[in-house]
Colleague: 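For reference, the structure I am asking about is given below.
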Number of protein chains: 2
Amino acid sequence: MTHQRQVILEELRQVHTHPSADEVYDMVRKRIPRISLGTVYRNLEILSETGAIQKLESCGSPKRFDGNPDDHYHIRCIACDRLVDAPADIHLDVERELSETTRFKVVGYKLEFLGFCPQCLEISNPA
Amino acid sequence: MTHQRQVILEELRQVHTHPSADEVYDMVRKRIPRISLGTVYRNLEILSETGAIQKLESCGSPKRFDGNPDDHYHIRCIACDRLVDAPADIHLDVERELSETTRFKVVGYKLEFLGFCPQCLEISNPA
DNA sequence: TTTGCTGCAAATCCTTTGCAGAGGT
DNA sequence: ACCTCTGCAAAGGATTTGCAGCAAA
């Protein structure tokens with residue numbers, strides 16, 4: 001656990017904004033001005049491999065990272081791409097659902113909710 | 001509907017492999033050798049906007065395209081990235097699940113299953 | 001002294017875009 | 001003529017990688 005890695009993890013743990021690698025880079029640079037973007041990418045990769053953080057590859061736009069390693073869902077704003085935790089008590093029994101319809105060995109699923117965040121709703125529907 | 005667009009749609013409708021833009025390019029080039037990759041991208045975009053095909057942005061790796069415009073799920077092989085239709089009778093009532101826990105206006109969700117395809121299972125567990 | 005990590009820069013991959021010319025109406 | 005589309009090539013964004021030096025065990 002190098003200093004760089006430590007700082008990246010700390011910064012990520014302190015926010016709930018699910019920043020992209022680039023945003024993490026900006027955050028960390030305040031404490032380690034000479035850190036490189038490559039190092040940030042490398043450490044985000046390592047941290048997510050070890051399970052210390054989560055890598056959210058959901059789609060299109062840059063990947064996001066989540067300092068909370070616990071399994072939970074997210075909802076993404078269709079308008080501004082904001083990503084927010086979405087506590088939902090959903091547990092799909094994928095084994096049962098799919099084993100008869102595909103010859104795959106199903107091991108999990110990726111689920112992300114889509115919608116409009118309060119800010120974007122406000123803009124399109126001013127009070 | 002130009003010739004190029006027509007051919008791209010036809011090719012996509014004939015397969016069930018969920019090809020990437022690059023693979024569509026290869027398929028179409030057999031019939032229109034001088035078509036450009038840019039044109040393929042442009043038409044895939046247009047076709048998915050009009051709902052004639054689906055763009056599957058699921059994650060990381062290149063986007064895939066699906067000649068079947070009807071709503072259905074997919075399962076992705078963790079090992080080889082193969083993408084296959086996954087008929088599953090799942091309907092999440094997202095409004096109900098999430099409206100109390102986030103201030104978003106929920107409009108849908110993205111769900112993709114993960115697993116190992118028969119071919120990759122075979123490789124790791126030869127009969 | 002070996003191993004792994006860094007900063008830097010260049011490279012890579014996928015996708016989009018500017019532009020001038022071609023095609024269709 | 002007008003408008004849209006094309007092919008081509010160059011640009012773009014996000015991410016990865018090669019390399020030489022550095023740091024810690």
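Letters A, B, ... are given to chains in the order of the sequence lines, protein chains preceding strands, and every chain is numbered from 1.
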Colleague: Any salt bridge between Glu45(A) and Lys55(A), counting N to O under 4.0 Å?
Modeller: yes
Colleague: What is the separation between atom CD on Glu23(A) and atom C1' on dA14(D), rounded to the nearest whole Å?
Modeller: 13 Å
Colleague: Do the side-chain N and O atoms of Glu10(A) and Gln6(A) include a donor-acceptor pair separated by under 3.5 angstrom?
Modeller: yes
Colleague: In whole Å, I'd like the distance from the CD1 atom of Ile32(A) to the C1' atom of dA23(D).
Modeller: 14 Å
Colleague: With sequence neighbours left out, what residues match Thr2(B) under side chain to side chain contact (heavy atoms under 4.5 Å, CB included)?
Modeller: Gln4(B), Arg5(B)
Colleague: Which listed nucleotide (dT15(D), dC8(D), dC5(C)) is nearest to the side chain of Arg5(A)?
Modeller: dC5(C)
Colleague: My understanding is that a hydrophobic cluster links ILVMFWY residues whose side chain heavy atoms are under 4.5 Å apart, including indirect links. Using that, what else belongs to the cluster containing Val28(A)?
Modeller: Met1(A), Val7(A), Ile8(A), Leu9(A), Leu12(A), Val24(A), Tyr25(A), Ile32(A), Ile35(A), Leu37(A), Val40(A), Tyr41(A), Leu44(A), Leu47(A), Ile53(A), Phe65(A)
Colleague: Extract from the structure each pairing of a protein N or O with an N or O of nucleotides 16-23 of chain C at less than 3.5 Å, listing the distance.
Modeller:
residue : atom : partner  : partner atom : Å
dG18(C) : O6   : Arg42(B) : NH1          : 3.3

Colleague: Given atom CG of Leu56(A) and atom P of dT15(D), what is their separation to the nearest angstrom?
Modeller: 12 Å
Colleague: Between dG24(C) atom C1' and Gln6(B) atom CD, what is the distance in whole Å?
Modeller: 16 Å
Colleague: Of all of residues 10-20 of chain B, which get a heavy atom below 4.0 angstrom from DNA chain C, listed by number?
Modeller: none
Colleague: Who are the ring-ring contact (aromatic ring centres under 6.0 Å, His included) partners of His18(A), not counting sequence neighbours?
Modeller: His74(A)
Colleague: Check the distance between dC5(D)'s P and Leu47(B)'s CG and give it to me in whole angstrom.
Modeller: 11 Å
Colleague: Hey, is CG on Asp71(A) packed in by over 12 heavy atoms from elsewhere, all under 6.0 Å?
Modeller: no
Colleague: Please assess Asp70(B) against Gln54(B) for the test side-chain contact (heavy atoms from CB on, under 4.5 Å), listing each intermediate value before the final yes or no.
Modeller: CA-CA 8 Å; Asp70(B) 298 330; Gln54(B) 286 192 66; 5.6 Å; no
Colleague: Can you tell me if Thr2(B) touches the phosphate of dT4(D), counting only side-chain N or O atoms and a distance under 4.0 Å to OP1 or OP2?
Modeller: no
Colleague: When we call it a touch if two heavy atoms are under 4.0 Å apart, what does Asn43(A) touch: a base, just sugar-phosphate, or nothing?
Modeller: sugar-phosphate
Colleague: Atom CD1 of Ile35(A) and atom C1' of dA23(D): how far apart are they, to the nearest Å?
Modeller: 15 Å
Colleague: Rounded to whole angstrom units, what separation is found between the OH atom of Tyr25(A) and the C1' atom of dG13(D)?
Modeller: 15 Å
Colleague: Under the 4.5 Å side-chain heavy-atom rule for ILVMFWY, direct or indirect, which residues accompany Ile123(B)?
Modeller: none
Colleague: Say whether His91(B) and Asp89(B), considering side chains only, have a donor N or O and an acceptor N or O under 3.5 Å apart.
Modeller: yes
Colleague: Starting at CD of Gln4(A) and ending at P of dA23(D), how long is that distance when rounded to a whole Å?
Modeller: 11 Å
